[in-house]
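Proteins come first, then strands; the chains are lettered A, B, ... in the order of their sequence lines, and each starts at number 1. Values in this document were obtained by computation on a predicted structure and should not be read as measured data.
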Number of protein chains: 2
Amino acid sequence: MSEYPKSPLMGQMMSQPLLISSIIQHADRYFGNNEIVSRRVEGDIHRYTYRDCHRRARQLANALTGLGVRMGDRVATLAWNGYRHMEAYYAVSGSGAVLHTINPRLHPEQIAYITNHAEDQYLLFDATFLPLIEGVAAHCKTIKGFIMMCDRERMPAETGIANLLCYEDLLASCSDQYEWPLFDENSASSLCYTSGTTGNPKGALYSHRSTLLHSYASTMPDALNVSGRDTVLPVVPMFHVNAWGLPYSVPLTGAKMVFPGPALDGKSLFDLFEQEQVTFSAGVPTVWLGLLTHVAQNRLSFSSFKRTVIGGAACPPAMMKTLRDQYGIEVVHAWGMTEMSPLGTACTLQSKHYARPAEAQETILQKQGHVIYGVDMKIVDDAGTELAWDGKTYGNLLVKGPWVIDRYFKDEGGDVLEDGWFPTGDVATIDPDGYMQITDRNKDVIKSGGEWIGTIDLENIAMGHPSVLQAACIGIAHPKWDERPLLVVVKKPGQEVSREELLAYYEGKVAKWWTPDDVAFVEALPIGATGKILKNRIRDTFRDYQLSSAGNE
Amino acid sequence: MSEYPKSPLMGQMMSQPLLISSIIQHADRYFGNNEIVSRRVEGDIHRYTYRDCHRRARQLANALTGLGVRMGDRVATLAWNGYRHMEAYYAVSGSGAVLHTINPRLHPEQIAYITNHAEDQYLLFDATFLPLIEGVAAHCKTIKGFIMMCDRERMPAETGIANLLCYEDLLASCSDQYEWPLFDENSASSLCYTSGTTGNPKGALYSHRSTLLHSYASTMPDALNVSGRDTVLPVVPMFHVNAWGLPYSVPLTGAKMVFPGPALDGKSLFDLFEQEQVTFSAGVPTVWLGLLTHVAQNRLSFSSFKRTVIGGAACPPAMMKTLRDQYGIEVVHAWGMTEMSPLGTACTLQSKHYARPAEAQETILQKQGHVIYGVDMKIVDDAGTELAWDGKTYGNLLVKGPWVIDRYFKDEGGDVLEDGWFPTGDVATIDPDGYMQITDRNKDVIKSGGEWIGTIDLENIAMGHPSVLQAACIGIAHPKWDERPLLVVVKKPGQEVSREELLAYYEGKVAKWWTPDDVAFVEALPIGATGKILKNRIRDTFRDYQLSSAGNE
């Protein structure tokens, strides 16, 4: 912070850098016996404590140092949510190296691209990803060794990987005596690439300071509200945007941690929720869809699950309603992005809202919510002029804050800020109470006759229909209006619904000119590496689609 | 943080200093219409919003600048909890000056001493303190003006104060156009002197960084757990240790704030709790004693009050039980000190504790609790050797963290740290789960035959007796044992209890040699400027007391 003027009178408080290592030290010292439970890629359930995690993280830090990893070096992971991945989170960042989490759902070419771009020195991976690594290893130019996160017995007898190391062997060979170094809190701690649906992925380079401020802020009651009374199961992946910070915020509260590993199907998740008495979870809507389908089909109910944060994409109101009314689970809608560490907003009510009718409260809770203290936001028009907070006017959403990037790694994309604000690429409204609602991604918005049509609203309405499982709305070229909406729908298994019925379903719910011109039924929607629906893929599929309205208007 | 080495790879996150002004800006922008309600010294109830508060804080910042106040200058306040005091909190610190809150319960000589020591430039005071100011003004050498926090009508016609200014006149003359300056976050923000029961008061000089980190940390669910769903009434005074940080942590959540002004008697507090539907409060045990007495005498109950944090002194278990069992109020025991901004620990349960019997949970909740993430603690013997966390071994409690002082203002007392740790002067145990319990102040502990007797335990037992209102235990010189405990007791109105009955009450509750040797009944106990019982005053009173045990053993 040296660029800011100092007061003639400085405070006389202890000088301590905000470092990630302090979290695991705190968890060990104050919650040492509290549990971390993991469903492993090996298939079994593994249990140990924060104290064990800290001990093994110190061993791993010694191992990495022994391998020549130095401060600032990038160490990659390609792993599910599990205890070994957690050890890597603390060992790599804690020792001053940079944890580069890679999304295994990216295309192998993209994976090779980002390891080369990041100049990763080592890559730790879960055994399930061995075939993937065998395919890309030769293309990863800077990687000196691939560390397979398993014991000696599970290592492959033969492999084409030049320098394959065994994680458990490495740890066993190292002392657990390790002093976490103290260094400048603005040092890089971790690196995450955007999913790169357009162009090459770009890296967000987090610092220890940004990570710790994000941890404090996201733990607060109006954000994730994590406490030592919780048992937390992060469904959001540690391989992308740090599982919304939960690998940091959960240990600092001492809450019991439950990692689901690769088993993210409805049944596996439900069984783990029940066995470990999970109270709190976080994930994208598509994951809850699988879980709720399993629960409904088997007429199950949750015995401990109380609260979930849903983000990554707008949660359909129908899903929110099912979770709340049918299962008694509080849903907190949240929004953020890779470039924001990732949390920007969360939607919780304020005391004044409790006097309002249930329906009015519901309307608020469907929004993405208010900024978490530390973040600031505004909406602007294309000329950059700030727009009104009336809950109706929509504009480009800009943010700033100490856990927002000021540029991409290696300056990809150049100066990305607009007058100090980061342009999110989202289009949103903000109401007079400061609650933000995403109406669309800037690139997904449908431009019809010079006006904008927000696709999220149209999709939410469709998903409110009892026969619709998933819906996506895209713009189709139109000779008169430039673009008109096409609704692409996946029906629920065994359910039927017609084009006409669906279009009629919009009556009275939106302005008439917002109603889609047509409906296309498909078997499934393409899902991207971060669990979001890939609209550009849908647009490709329907590139030559002829709207019935195009000919006769 | 420049003294720590930088990584070759620094994070690429936005650089924003942690400044107090960001809190009121956030409150205005996101919770602008939420209320601040104040019972004023004028007697009436005043209502306005965070937006109003921010506007008037900007006017005050302009006023202070106009008066010549510069960055680093100290501006003192002598005021109750109220909206004008809140405006001063943000105007003074936000503009880069240093808010020096003065405890009006200090002796006038001490008040003059600390204004001179702090070199205060201006002093803002509530109208109730006019006589006090008239008495000390001439002794305050550095103060250029005394600003009376009222409107023109209430200003005294005649006064001996040389430069008396009217707060509302000052504000009315100033624009609300003011840009909060950006500066180094380690700049001094506020100054609070210890109560100085021994020697001259010493100043703790907080920084913007320490204040903001304390705000984030204290807002978390396992600390104060403040959310936008709360209506918060801080009984803890803004004139001492920043009302436990609530003037910062409440606005950042947007919770409705209710200030009690000078009316801290049971009836006034109860009425305000009910009128404003307060959900959360914080105070020292002596305040709750008055409130609970009023409620019991009038057979009242609370309709909205759900949770309170009690600190400043150990809360008698009997009071905790009454609040919980009789009124359904969750009590969170907390501990801290001026030198810690002030919060160090809070006592909340973890998920594993809920399986334990109610009595075992109760035992945990009576402790001062676990450290708030950011703070670290240890207990050591007189040689500085760290002692075991077994819940029995007691030793000197040391702390460190980014909101703990590293020296006193103007270096009073010299190097106060012990190998980087701040010695709290408290004696405590820490149990295997990391829960700390204060057994005594170092200077209050009774040394009997080479062993230590903790007085807090003895006092808590006495206060569990149905006839005892307050109790204090002090050491009395003894020819054989050096010191032996004397129990000093205030009986409940209309209740009787004998010396013999009280001493018999200890049987089976403590080791026999811990039982006090004698009981003295008094009308009242001396209470200090921060609401704590003044044991040194009691020791003075009983300096020549002859224990009945002293002669015949």
Exam field: side chain B:E339 to backbone B:A204, donor-acceptor pair closer than 3.5 Å | no
Any donor and acceptor pair, going by atom type alone, linking the side chain of B:D431 with main-chain N or O of B:D433 inside 3.5 Å?
-> yes
To the nearest 0.5 Å, what is the distance between [atom1] on [X] and [atom2] on [Y]?
| X | Y | atom1 | atom2 | answer |
| --- | --- | --- | --- | --- |
| B:M14 | A:I405 | CE | CD1 | 8.0 Å |
| A:H100 | A:Y193 | NE2 | OH | 5.5 Å |
| B:Q277 | A:Y354 | CD | OH | 14.5 Å |

side-chain contact (heavy atoms from CB on, under 4.5 Å) between B:I20 and B:L212: does it pass, once the steps are laid out?
-> CA-CA 7 Å; B:I20 286 172; B:L212 260 70; 3.8 Å; yes
Which atoms form the tightest heavy-atom contact between A:V258 and A:E276, and what is the distance?
-> CG2-CB, 3.8 Å
Determine the sole option in B:L224, B:N225, B:D230 for which the side chain to side chain contact (heavy atoms under 4.5 Å, CB included) test with A:P221 is passed.
-> B:N225
Given heavy-atom pairs under 4.5 angstrom as the criterion, report whether the side chain, backbone, both or neither of [X] touches chain B.
| X | value |
| --- | --- |
| A:S189 | neither |
| A:K410 | backbone |
| A:L349 | backbone |
| A:L417 | side chain |
| A:F409 | both |
| A:K352 | side chain |
| A:V371 | both |
| A:L191 | neither |
| A:S341 | side chain |

Residue among [options] with most heavy-atom pairs under 4.5 Å to chain A:
| options | result |
| --- | --- |
| B:H208, B:R29, B:R70, B:Q25 | B:R29 |
| B:G96, B:A27, B:A217, B:G254 | B:A217 |
| B:G420, B:S351, B:G72 | B:S351 |
| B:F422, B:W403, B:W389 | B:W389 |
| B:S227, B:S190, B:G434 | B:S227 |
| B:S207, B:A97, B:S7, B:P402 | B:S7 |

Among B:Q368, B:Q350, B:K367, which residue meets the side chain to side chain donor-acceptor pair (under 3.5 Å) test with B:Y435?
-> B:Q350
Using a 4.5 angstrom heavy-atom cutoff, name the option from [options] with the most pairs to chain B.
| options | value |
| --- | --- |
| A:M10, A:M220, A:Q12 | A:Q12 |
| A:S210, A:A255, A:S215 | A:S210 |
| A:I430, A:N34, A:T253, A:L205 | A:L205 |

Flag the pair A:D184 and A:R209 as a salt bridge only when some basic side-chain nitrogen lies within less than 4.0 angstrom of an acidic carboxylate oxygen.
-> no
Salt bridge check: are B:D419 and B:K378 linked by an N-O gap of less than 4.0 Å?
-> no
What part of B:V98 is in contact with chain A, defined as an atom under 4.5 angstrom from a non-hydrogen atom: side chain, backbone, both or neither?
-> side chain
Tell me, side chain or backbone of B:D73 under 4.5 Å from chain A's heavy atoms, or both, or neither?
-> neither
How about B:S22 and A:Y373: does a side-chain donor come under 3.5 Å of a side-chain acceptor?
-> yes
